[in-house]
Chemist: 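The following block contains the structure, expressed as structure tokens.
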Amino acid sequence: MTALRYNTPRLGLTLAVCGLSLFAASQWPAGTANSLRADDLPRSVSELAKQTRQIALQVPGGHLMGAPKYGVGYTGAMSDGTPAPKIIVDGDDRIYLAYNDGQSNARVLRLNAKLKLEREVLQIKGRRMADAIGHDDGFVLLLTEFDEEPKRNYVHRNHHTAHIERYDENGRAVFRTRIVGTREYKKEGDQGVDTTFGTFGLAYVEDRDAFAAYFSTYRRWDDGVTHQSEYLAFVDEDSGERKIQEGTKDRPEGFSWNVSHSFRPRFVYDGERLVMATAGDAYPRGFVVQTFANNRSQRKVPIKIAKAKPGETYQYVPVSTGDLFARDGRALVARDSAGNRQSYDIALIPVDDGKIGRPRFLTNTARDRERIPRLVPLDEKGDALLVLWMNDRGPAKRKWTPAMKDMRLEAAIVDLRGRTLAEPARFGSSQQLQMRGAARTFRLPDGRVGWVNDAHGAAEYLDIVVIGKASGGDSDDELPLTPNPNPDSENENESEV
């Protein structure tokens, strides 16, 4: 068995991970054992990988990644690229799959507990799903509206406007709200969405009875130049109306401009405030962690990046935002960085009651490039978090835009403070598991976790990667497409804009 070697600075030695149990129960942080089901938690990454399976799901209309002619890119450090499919769960434990079909149209499917297709509940032509969350008796979508312009060998899609739309369990609209958009940037103040370098996020903010959208934006300024930053908006959960700042008549909560330029902005709600993270290349230049509550924000730049070297564009900022996870006023921010490092390493930044802590590095490798970490809770309270990332071992010249064929999946387990519970190791090598840089993780009502892989090259299928012991004992066979038991609902819930 080949050992995966990681330098572990705090121990002053090199750890060889050979699929053995890496820590005993006594090594869990104080207070953790009482809130975790110790018998169910894995004691190593390799043990967890053994509980992993893939389910092939045929999807109506294919999916947007399709079967690329020249292979699949991981997506660059500056962008999520094409939004990835996402499994979401509503307040009544109904499971949905939100994705974009081969024509960029948003679709939502209803799945059963075994992740088999029950029926399609929604198709929206002319709008692409950028993010999705479950809520009460349905789901909420963050969408980008686009126009199509046929070219010689392809169709150009101009994504110009962001929308938040809420639907019930049957795909009937509760509200549809336009946030911001413009088709052209001709005059000062014209503002729209950035899907070239764009990342889009959606969250429910309970203390405001609102949904929040956080995403990349373009705006034309008084210098005649269209610049890029980020946008934060709040809408009422019932009416969909924009939330207005207290003491003003018409000033929306949130902001229309912040870090510039802003790459891969991500956020999470910790129960009291939003915790936000992004990489900036100018104002400021570095990795930015920010909190936002009561229309006030506090910002910290835990990693500052030097100016670009000769031959590099000023946009070269060797740090990428990963996932964020939060509960009960505490959060953990995951990201990668090559700033002042031998290569790209994974680091975790704790945020406790709005106070932004110092980074904890999870990896320390000389040549491997660990990129864009994702977080998913292994237990109900989130005391143990699975960290997943792809390790780029391709040519150095491709470090800015790595290819999936040169990468392999790795993982570790940490607590909410970023302390290591299971050391980094290769994950699911026998199954050739992979995840794109834009992949979104999920947690099912029965405790299983995973993500949806759309980077395998088959246009008609999505692979649902599931970690944990499944109830019902399904096989890993391909799951056939099942007809909609209520065909009359298909046309009713198909909208065109």
Side-chain angles (χ1 to χ4, degrees), residues 4-10 14 73-81 197 199 259 261-266 277-289 300-324 332-350 356-375 387-412 414 418 420 423-424 426 435-439:
L4 175 63
R5 305 184 71 84
Y6 274 89
N7 295 325
T8 311
R10 65 182 184 278
T14 299
Y74 184 58
T75 67
M78 298 162 64
S79 169
D80 262 352
F197 301 115
T199 296
V259 174
H261 303 114
S262 175
F263 301 129
R264 300 183 58 82
R266 293 279 182 92
T278 190
D281 72 351
Y283 308 104
R285 184 173 172 84
F287 188 70
V288 181
V289 179
K300 188 173 183 179
V301 186
I303 297 179
K304 297 180 180 180
I305 302 297
K307 293 183 178 180
K309 299 176 181 178
E312 296 178 345
T313 68
Y314 73 96
Q315 294 170 333
Y316 185 80
V317 179
V319 56
S320 303
T321 314
D323 272 353
L324 291 80
L332 191 65
V333 179
R335 54 101 177 129
D336 67 39
S337 176
N340 300 318
R341 312 287 295 182
Q342 297 181 74
S343 185
Y344 280 93
D345 288 312
I346 303 299
L348 306 166
I349 301 174
I356 302 167
R358 300 181 62 181
R360 293 175 178 265
F361 277 91
L362 183 60
T363 66
N364 181 26
T365 55
R367 295 183 180 179
D368 294 356
R369 296 184 290 272
E370 294 96 6
R371 303 305 308 274
I372 309 179
R374 258 55 56 87
L375 300 172
V387 190
L388 294 152
W389 64 87
M390 292 288 279
N391 184 339
D392 175 24
R393 294 188 163 189
K397 64 181 180 181
R398 291 291 305 273
K399 65 181 180 182
W400 194 240
T401 55
M404 294 287 288
K405 65 180 180 64
D406 297 324
M407 310 183 81
R408 69 185 194 184
L409 185 64
E410 296 176 357
V414 302
T420 303
E423 296 287 349
R426 192 168 181 180
M435 63 192 311
R436 204 158 52 83

Chemist: Does a donor on one side chain sit under 3.5 Å from an acceptor on the other, for T199 and R266?
Modeler: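 Note: T199 and R266 side chains miss the donor-acceptor criterion.
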Chemist: Taking the side chain as everything from C-beta on, heavy atoms only, tell me whether R371 gets closer than 4.5 Å to W389.
Modeler: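 Result no, sub-4.5 Å side-chain heavy-atom pair not found.
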Chemist: Identify the heavy atoms of P350 and R358 that sit nearest to each other, and give their distance.
Modeler: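 Closest approach of P350 to R358, heavy atoms only: CD-O, 3.4 Å.
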Chemist: Please give me the minimum heavy-atom distance between V387 and P373, naming the atom from each residue.
Modeler: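 Looks like CG1-CB, 3.9 Å.
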Chemist: Between atom CG of D368 and atom CD of Q342, what is the distance when rounded to the nearest 0.5 Å?
Modeler: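 Rounded to the nearest 0.5 Å, the CG-CD separation comes to 11.0 Å.
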Chemist: Residues in salt bridge (Lys or Arg N to Asp or Glu O under 4.0 Å) with D345, at least two apart?
Modeler: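 Expected list: R341.
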Chemist: Could you tell me which residues satisfy side chain to side chain contact (heavy atoms under 4.5 Å, CB included) with A277, sequence neighbours excluded, listed by chain and number?
Modeler: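 For A277, the residues satisfying side chain to side chain contact (heavy atoms under 4.5 Å, CB included) (neighbours in sequence not counted) are F287, T321, L324, V333.
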Chemist: Is the closest side-chain heavy-atom distance between P284 and K304 below 4.5 Å?
Modeler: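 SC-SC contact between P284 and K304 ruled out.
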Chemist: Do T420 side-chain atoms and V414 backbone N/O form a donor-acceptor pair below 3.5 Å?
Modeler: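 Such a contact is absent between T420 side chain and V414 backbone.
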Chemist: Under the side chain to side chain contact (heavy atoms under 4.5 Å, CB included) test against E370, which residue among T365, N364, L362 passes?
Modeler: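 Exactly one option meets the side chain to side chain contact (heavy atoms under 4.5 Å, CB included) with E370, and it is T365.
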Chemist: Determine whether R369 and S343 make a side-chain contact, defined as any pair of heavy atoms from C-beta on separated by less than 4.5 Å.
Modeler: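 Side-chain contact under 4.5 Å: yes.
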Chemist: Output the distance between atom OH (Y344) and atom OG (S337), rounded to the nearest 0.5 Å.
Modeler: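 Nearest 0.5 Å value for the OH-OG distance: 8.0 Å.
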Chemist: Would you indicate whether the side-chain heavy atoms of P395 and D406 approach each other to under 4.5 Å?
Modeler: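 When only atoms from C-beta onward are counted, P395 and D406 do touch, with a gap below 4.5 Å.
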Chemist: Measuring from atom CE of M435 to atom CE of M404, what distance do you get when rounded to the nearest 0.5 angstrom?
Modeler: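 Output value for this atom pair is 9.0 Å.
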Chemist: Please report the shortest heavy-atom distance between G280 and V317, naming the atom on each side.
Modeler: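 That would be O-CG2, 3.7 Å.
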Chemist: For the pair D336 (side chain) and I372 (backbone), establish whether a donor and an acceptor sit closer than 3.5 Å, ignoring hydrogens and angles.
Modeler: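 Yes: the side chain of D336 pairs with the backbone of I372.
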Chemist: Can you tell me if N391 uses its side chain to pair, donor with acceptor, with the backbone of R408 under 3.5 Å?
Modeler: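 Looks like no, no N/O pair under 3.5 Å.
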Chemist: Assign the ring pair W400 / Y316 to parallel, tilted or perpendicular, where the plane angle (0 to 90°) is split at 30° and 60°.
Modeler: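 Rings of W400 and Y316: tilted, as their planes differ by 30° to 60°.
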Chemist: Which pair of non-hydrogen atoms, one from D392 and one from P402, has the smallest distance, and what is that distance?
Modeler: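 Looks like OD2-CB, 3.5 Å.
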Chemist: Taking G322's backbone N and O only, do any of them form a donor-acceptor pair with R374's side chain (distance below 3.5 Å, no angle check)?
Modeler: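 Judged by distance alone, no pair lies under 3.5 Å.
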Chemist: Closer than 3.5 angstrom, by distance alone: can the side chain of T363 be matched with the main-chain N or O of I346 as a donor-acceptor pair?
Modeler: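 Yes, the answer is positive, given that a donor and an acceptor are paired below the 3.5 Å cut-off.
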Chemist: Check side chain to side chain contact (heavy atoms under 4.5 Å, CB included) between K300 and all other residues, then give those that pass, not counting sequence neighbours.
Modeler: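 P302, I356.
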Chemist: Do the side chain of R335 and the main chain of S320 share a donor and acceptor less than 3.5 angstrom apart?
Modeler: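 Judged by distance alone, no pair lies under 3.5 Å.
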Chemist: So which heavy atom on A403 is nearest to which on R398, and how close?
Modeler: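 The answer is CB-NH2, 3.5 Å.
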Chemist: Quick one: pull up CD in E410 and CE in M390 and give me the separation to the nearest 0.5 Å.
Modeler: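 CE of M390 is found 9.5 Å from CD of E410.
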Chemist: From I349 CD1 over to F361 CZ, what is the distance, rounded to the nearest 0.5 angstrom?
Modeler: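 One finds 8.5 Å between CD1 of I349 and CZ of F361.
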Chemist: Using every non-hydrogen atom in the two residues, find where I305 and P318 come nearest and quote the distance to one decimal.
Modeler: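 Shortest heavy-atom separation between I305 and P318 comes out as CG2-CD, 3.7 Å.
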